[in-house]
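Everything on this sheet refers to the single structure shown next.
Order of listing sets the numbers, starting from 1, for every ligand and every atom in it.
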Amino acid sequence: MLELRPNCELCDKDLPPQSKDACICTYECTFCKHCVETVLKNVCPNCGGGFTERPIRPKTARRKNVSLTNQPASSKRVVSQFSREEIAEFSRDVKDIDPGDR
Ligand SMILES: [Zn+2]
Ligand SMILES: [Zn+2]
């Protein structure tokens with residue numbers, strides 16, 4: 001199950017669970033769309049994989065015990081361990097390789 005992390009790991013923008021601006025990699029490293037497109041260039045700085053839009057967990061339990069209320073989003077903010085320079089350098093080396101071939 002996704003943690004639904006509360007912020008962009010790079011610019012610290014709030015990404016609440018209903019945000020359509022949140023992108024995740026397969027490890028759920030979480031960034032805003034703007035950072036993914038302009039800084040990361042679809043390269044996760046932690047794992048080198050690509051991103052996809054984070055799905056939105058329903059507010060309403062339309063099935064028993066399955067909703068944002070039953071499984072709430074994480075409130076633990078995550079901050080990247082890498083500098084913008086390190087991230088830019090990493091992305092430069094990986095961005096032109098198709099995510100399926102990385
Ligand atoms: Zn961001
Ligand atoms: Zn990642």
task = With the Zn ion (ligand 1) at the centre, find the angle made by SG from Cys11 and SG from Cys32, to 10°.
result =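 Vertex the Zn ion (ligand 1), arms to SG of Cys11 and SG of Cys32: 110°.
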Opening angle between SG in Cys44 and SG in Cys47, taken at the Zn ion (ligand 2), to 10 degrees = 100°
query = Between SG of Cys25 and SG of Cys29, what angle is found at the Zn ion (ligand 2), rounded to 10 degrees?
reply = 80°
query = Under 4.5 Å between any side-chain heavy atoms of Leu10 and Phe82, yes or no?
reply = no
Below 3.5 Å, can you tabulate the donor-acceptor pairs from side chains in residues 15-26 to any protein atom, sequence neighbours excluded?
from  : atom 1 : to    : atom 2 : distance (Å)
Ser19 : OG     : Asp21 : N      : 2.9
Asp21 : OD2    : Lys13 : NZ     : 2.6

query = How about Cys35: does one of its N, O or S atoms come closer than 2.8 Å to the Zn ion (ligand 1)?
reply = yes
request  = Check whether the ring centres of Phe51 and Phe31 lie less than 6.0 Å apart, and answer yes or no.
outcome  =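 For Phe51 and Phe31, the ring centres are under 6.0 Å apart.
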query = So, Lys33 and Glu53, do they make that salt bridge, N to O below 4.0 Å?
reply = yes
